[in-house]
Participant: 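The following block contains the structure, expressed as structure tokens.
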Amino acid sequence: MAETQHLYLVDGSAYIFRAYHRLPPLTDPEGTPVGAVYGYTTMLWKLADDLDAADGPTHMAVILDKDSTSFRNDIYPEYKANRPEPPEDLRPQFPLIRDATRAFSLPCIEEGGLEADDLIASYARAAQREGWNVTIVSSDKDLMQVVGTDTKSGGTIDMLDTMKNARIGPAEVEEKFGVPPHLVGDVLALMGDSVDNIPGIYGVGPKTASKLIAEHGDLTAALDSAPDMKKSKLKERLLEGREDAEMSRVLVTLKEDADLPMPIADMKLDGVPPEPLAEFLKKHGFSSLLRRLDAGRGSPDRPNQLNPTKAERKGADAASEGDRQPLPDMPAIDRNAYECVQTMERLNHWIERAFALREVAVDTETSALDAISADLVGVSLALGPNEACYIPLAHGGTDLLSEKPQQIDPAAALAALKPLLESDAVVKIGQNIKYDLNILARNGIAVAPIEDTMILSFALDAGRSLDGIGGGHGMDELAQRHLGHTCMTFKEVCGTGKKQIGFGEVALDVATKYAAEDADVTWRLYKHLKPRLPIEGGTRVYERVDRPLIPVVAGMERHGIQVDRANLAKLSEEFAKEMARLESAIHETAGQEFAIGSPKQLGEILFDTMGYKGGRKGKSGQYSTDQTTLEKLEAQGAPIARQVLEWRQLSKLKSTYTDALQAAINPRTGRVHTSYSLVGAQTGRLSSTDPNLQNIPIRTEIGRQIRDAFVADDGNVLLAADYSQIELRLAAHMADVGPLKEAFAEGEDIHARTAREMFGEVTRDTRAQAKTINFAILYGISRWGLAGRLGVEADEAQEMIDTYFKRFPGIQRYILETTESVKQRGYSETLFGRKTWFPRINSKNPSERQGSERAAINAPIQGTSADIIKRAMARMNPALAAAGLPDVRMLLQVHDELVFELPESDVEDASPIIERIMADAARPSVELSVPLGIEIGTGKSWGAAH
DNA sequence: AAGGTCACG
DNA sequence: GACGTACGTGACCTTG
């Protein structure tokens, strides 16, 4: 049992205004605006969630303003007369605040003639006198007057700003006002408040006010001192405004002894009954919260129920099958409503209807995961909720004994579908439609125009993860999040492990349920997500950057790149030989045999057996044996460390590259086809998998040989074009850094310029240091991080950072403004409007919070760079075609580099076009104040093109 | 499945 | 005054 009672007083009226401005204008199923109410509801939830926490509430109440006038208007009729009318779509939300409060079974208190602040202050004092702790959930500066500890009872009052997730105690108040809480009223009386129409003293703002009060002790003393001041504007105004100030003092003073309509003991928080809450959430279409409530199987009175563990959630998902939440005006998913299309007649019926509706969700089923080698097994279509079908094309037939089910001839079916899928008049909606584009392109169908629910989700919700609920963009997750629906899983249908069967072996009734459901869900998700785009500002990024990129990247994946198998095999062999030699040497040095590839064994050998010094690390208690550790050991005079490093390098190169790339050659095409994810990186970058072609070695000579194995076909060459220092250029532009912009404009070596600015001279050493610092800036610097990298003390690193900020003004401001804005809004934005969400940026956990801060500093820069190269990619093929260069093929993207394959004879014509498209890619949306430098190289291999 | 390590921008 | 230290990725290996 907690001994101390802790009363939370929620300033409901103030909260709703802030929530209104911060949240998108959502509406509920009836069309009532509920954005602010939603914010309010989630805040109450979070507070109730903390019931068991050390500092959480035992008692709680919400205080509201009853009407717009109070006793203060009797003193000063103009009080709050300047307040603008609340926006039209906020007004209907005020009564809903009461509903929401009641839904949580919390007391809701309001009194005529008093403002919420007075009631809050009175309740806070009453509880404090009893020795309770009180937290006022508000960020209103007037309330800061009551913060502090009562020496008699020991009761404390502090504040909680839930939007910034910040506790406000006496120290924070003093930091803000320069005076302790009991003098805040005096400062406020001097400054006045234009919003509340409190006059204060004209010309006195927060700085002067707090200085005067701090200097003289209180308002009266400050005003009394005026006659003795030297002649100044301030003196005049103080003398003139004395009465105003004194009246202002009365206006800002909170009434602390109001009658309390409800005793504090009655505010006991005893858990939240789930039924009224569920009803409220349902009524307003807060389906994600409703699911969290369901997932908790009860009231949000215990943290583990509000935030179920993974296992709990899984169980809840399975259990919620029966009572899933349908979308407003969309019926629940009914898998028995789907049709299996087995005749040409029925297929034509679906196709005609799709033409009529001009919108169809499409999904393909295949024999494998990889879109370049998988075979088409069937196609599903959806035209409305539960209006979906599956068209099997290649089921059965692998087992000669079983009878093939009735299916339309695949060629005939595809021929019938082709005009629909290629028709400009019909939008094809997919979930990760790049996959279907590749499958269908290999069947002679060029699908267009398209929409993609996965890309939509990314444009809206990148980085977002509702507490405890994943933030991914996969269909199952999206269905759960937006539709409250649990999809059939592939595992359920095809099994897993050795017993797994291909989709073509699945019986038609089951296959229809699964496949048509995917199309149905995709259709519903589209209806759910697309309308959010204009509201939440995602249109430009989705329509101008990401969506146009889908067919472009699909084409790159299909085309693939040639690798020289013999060359890779030769390298594998050399690496193996050298590894064997190193292995015996290492074992000899160690005096015993062990698995070098096992960090555990290696650590024990180095630090226990051989007795080198070095520390444990991490929760696992295992020795760290990473590169920096081993390099330190080597410097201590441990030859084994160098041997292990070399062995590791070879092992990495062989397993990840020379062996794996040979295995990745597609037998049909003879080339390597990576798969790009358009939603892989939260910042908007692409990522590359199976194999990852964005991390082919280049930094070391030995690794570089692997690039030589990426080659052009006979008669062709590879052309590599990369943006030079694009992120630093963008930083210079976005932070408006004069010297850096100048250096880029002059084509200077940017790291050398940095060295000159910082150290006065450019040597190999200072340039290297400058380069490290430049990158540190892009990544969100910390003195410890920089110190570690440069091998200097933190103090010295701090001095360098200070110098950097001084020489490059703008950087510090950028960092400050970016983190502040992300803390306020919850997301960062690129120059093209791409949002990345940072749900942990206000976390109480410093490690978590600072991690988010660093990521937030970097995201606009990395993301803008990603936007720019994506725009270049989307424009590239049309530009090359228009120039009569259809044989130039874009093969790879490596974040700031594009790799092309082209006839040797096209190099001269293509190079300037590629350069121009890349250099101009930001325009006309954004006019950068620095040029974008492009470096181009060509050669028979990727290595030679650099 | 998780942790450690290391390849890239 | 604390993080245990730079941002963003993916693949492979060992170990539990």
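For clarity, every value in this text was computed on a predicted model and none was experimentally measured. Residue numbers start from 1 in every chain, and the chains themselves are labelled A, B, ... in the order their sequence lines are given, proteins ahead of strands. The figures that follow rest on heavy atoms only: side chains count, while hydrogens, waters and symmetry mates do not.
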Participant: Whole angstroms only, please: what is the CD-C1' distance between A:Gln850 and C:dT5?
Facilitator: 9 Å
Participant: Between C:dC7, C:dT15, B:dA7, which one does the side chain of A:Gln627 approach most closely?
Facilitator: B:dA7
Participant: Is it the case that the side chains of A:Gln798 and A:Asp802 hold a donor-acceptor pair, with the cut-off being a distance below 3.5 Å and no angle test?
Facilitator: yes
Participant: Provide, to the nearest angstrom, the distance between the NZ atom belonging to A:Lys652 and the C1' atom belonging to C:dT14.
Facilitator: 14 Å
Participant: Check every atom of C:dT9, C:dT5, B:dA7 against the side chain of A:Ser782 and return the nucleotide holding the closest atom.
Facilitator: C:dT5
Participant: Counting only side-chain nitrogens and oxygens, does A:Thr683 get under 4.0 Å of the OP1 or OP2 atom of C:dG8?
Facilitator: no
Participant: So what does A:Thr772 touch, heavy atoms closer than 4.0 Å: a base, only the sugar-phosphate, or nothing?
Facilitator: base
Participant: Quick check for you: among C:dG16, C:dC7, B:dC8, whose closest atom lies nearest to any side-chain atom of A:Lys600?
Facilitator: C:dG16
Participant: On the side chain of A:Arg699, is there an atom forming a donor-acceptor pair with the base of B:dA7 - under 3.5 Å, no angle test?
Facilitator: no
Participant: With sequence neighbours left out, write down each residue that passes ring pair (Phe, Tyr, Trp, His ring centres under 6.0 Å) with A:Trp647, or none if nothing qualifies.
Facilitator: none
Participant: Of the candidate nucleotides C:dC12, B:dA7, C:dG8, which contains the atom at the shortest distance from the side chain of A:Thr656?
Facilitator: C:dC12
Participant: Of all residues at least two apart in sequence or in a different chain, which pass the ring pair (Phe, Tyr, Trp, His ring centres under 6.0 Å) check with A:Tyr435?
Facilitator: none
Participant: Regarding A:Ser688, tell me which of base, sugar-phosphate or nothing describes its non-hydrogen contacts under 4.0 Å with the strands shown.
Facilitator: sugar-phosphate
Participant: C:dA6, C:dT15, C:dA2: which one has an atom nearest the side-chain heavy atoms of A:Ala776?
Facilitator: C:dA6
Participant: Here's a test of your reading of the structure: between A:Arg849 and A:Asn845, which maps to the more 5' nucleotide of DNA chain C?
Facilitator: A:Arg849
Participant: For a quick check of understanding: with a heavy-atom distance under 4.0 Å over all strands, which category does A:Ile696 fall into, base, sugar-phosphate or nothing?
Facilitator: sugar-phosphate
Participant: According to the Watson-Crick and G-U wobble definitions, with both distances under 3.5 Å, which nucleotide is paired to C:dT14?
Facilitator: B:dA2
Participant: Which of the following nucleotides, C:dT9, C:dA11, B:dC6, is nearest to the side chain of A:Ala681?
Facilitator: C:dT9
Participant: For the P atoms, the ones on B:dC8 and on C:dG4, what distance do you get once it is rounded to whole angstrom?
Facilitator: 27 Å
Participant: Rounded to the nearest Å, what distance is computed from the CG atom of residue A:Leu786 to the P atom of nucleotide C:dC7?
Facilitator: 13 Å
Participant: To the nearest Å, how far apart are A:Asp896 CG and C:dC7 C1'?
Facilitator: 14 Å
Participant: NA contact type, A:Leu686, heavy-atom cut-off 4.0 Å: base, sugar-phosphate, or nothing?
Facilitator: nothing
Participant: What nucleic acid atoms does A:Ala660 come within less than 4.0 Å of, heavy atoms only: base, sugar-phosphate, or nothing?
Facilitator: sugar-phosphate
Participant: If you count heavy atoms of other groups shown closer than 6.0 angstrom to CD of A:Glu573, is the number above 12?
Facilitator: no
Participant: Any chance the side chains of A:Asp736 and A:Tyr814 put a donor and an acceptor closer than 3.5 Å?
Facilitator: no
Participant: Would you mind classifying the nucleic acid contact of A:Gly597 as base, sugar-phosphate or nothing, using non-hydrogen atoms under 4.0 angstrom?
Facilitator: sugar-phosphate
Participant: Looking at C:dC13, B:dC8, B:dA7, which one has an atom nearest to any side-chain atom of A:Tyr657?
Facilitator: B:dA7
Participant: Is A:Lys835 close enough and on-axis enough to A:Tyr827, meaning under 6.0 Å and within 45°, for cation-pi?
Facilitator: yes
Participant: Identify which nucleotide among C:dC7, C:dG10, C:dC12 has an atom closest to any side-chain atom of A:Ser687, counting heavy atoms from C-beta outward.
Facilitator: C:dG10
Participant: For C:dT15, take OP1 and OP2 only and decide whether either is under 4.0 Å from a side-chain N or O of A:Gln601.
Facilitator: yes
Participant: Do any side-chain nitrogens or oxygens of A:Gln725 fall under 4.0 Å of OP1 or OP2 in B:dG9?
Facilitator: no
Participant: Taking the side chain of A:Gln682 as heavy atoms from C-beta outward, which of C:dT9, C:dA11, B:dA7 is closest to it?
Facilitator: C:dT9
Participant: Does A:Ser598 put a side-chain nitrogen or oxygen below 4.0 Å from OP1 or OP2 of C:dT15?
Facilitator: yes
Participant: Which is true for A:Pro846 with a 4.0 Å heavy-atom rule: it touches a base, it touches only sugar-phosphate, or it touches nothing?
Facilitator: nothing
Participant: Taking C:dG1 as the reference, what is the distance to C:dT5 when you measure between their C1' atoms (whole Å, please)?
Facilitator: 15 Å
Participant: Need one value for A:Glu848: base, sugar-phosphate or nothing, where a base atom within 4.0 Å counts as base even if backbone is also close, heavy atoms only.
Facilitator: nothing
Participant: May I have the distance from A:Lys654 (atom NZ) to B:dA7 (atom P), rounded to whole angstrom?
Facilitator: 16 Å
Participant: Looking only at the side chain of A:Ser847 (C-beta and beyond, no hydrogens), which of the listed nucleotides B:dT5, C:dG16, C:dG4 gets closest?
Facilitator: C:dG4
Participant: Just by modelled atom types, is the A:Pro860 backbone N or O under 3.5 Å from a matching donor or acceptor in the A:Glu829 side chain?
Facilitator: no
Participant: Would you mind reading off the distance between A:Asn692 atom CG and C:dG10 atom P, rounded to a whole angstrom?
Facilitator: 7 Å
Participant: Quick one: is A:Thr625 getting a side-chain N or O under 4.0 Å of the B:dT5 phosphate, OP1 or OP2?
Facilitator: yes
Participant: Are A:Glu820 and A:Lys823 within salt-bridge range, i.e. N to O under 4.0 Å?
Facilitator: no
Participant: Sticking with atom P, work out how far C:dA6 lies from B:dG4, rounded to a whole angstrom.
Facilitator: 15 Å
Participant: Could you tell me the separation between the CD1 atom of A:Ile706 and the P atom of B:dA7, rounded to a whole number of Å?
Facilitator: 10 Å
Participant: Would you tell me if any nitrogen or oxygen in the side chain of A:Arg685 comes within less than 4.0 Å of OP1 or OP2 on B:dG9?
Facilitator: no
Participant: Taking a pair as Watson-Crick or G-U wobble with both distances under 3.5 Å, which nucleotide is matched to B:dG9?
Facilitator: C:dC7
Participant: Does A:Asp722 reach a base, just sugar-phosphate, or nothing at all? Heavy atoms under 4.0 Å.
Facilitator: nothing
Participant: Atom CG of A:Leu678 and atom P of C:dG10: how far apart are they, to the nearest Å?
Facilitator: 12 Å
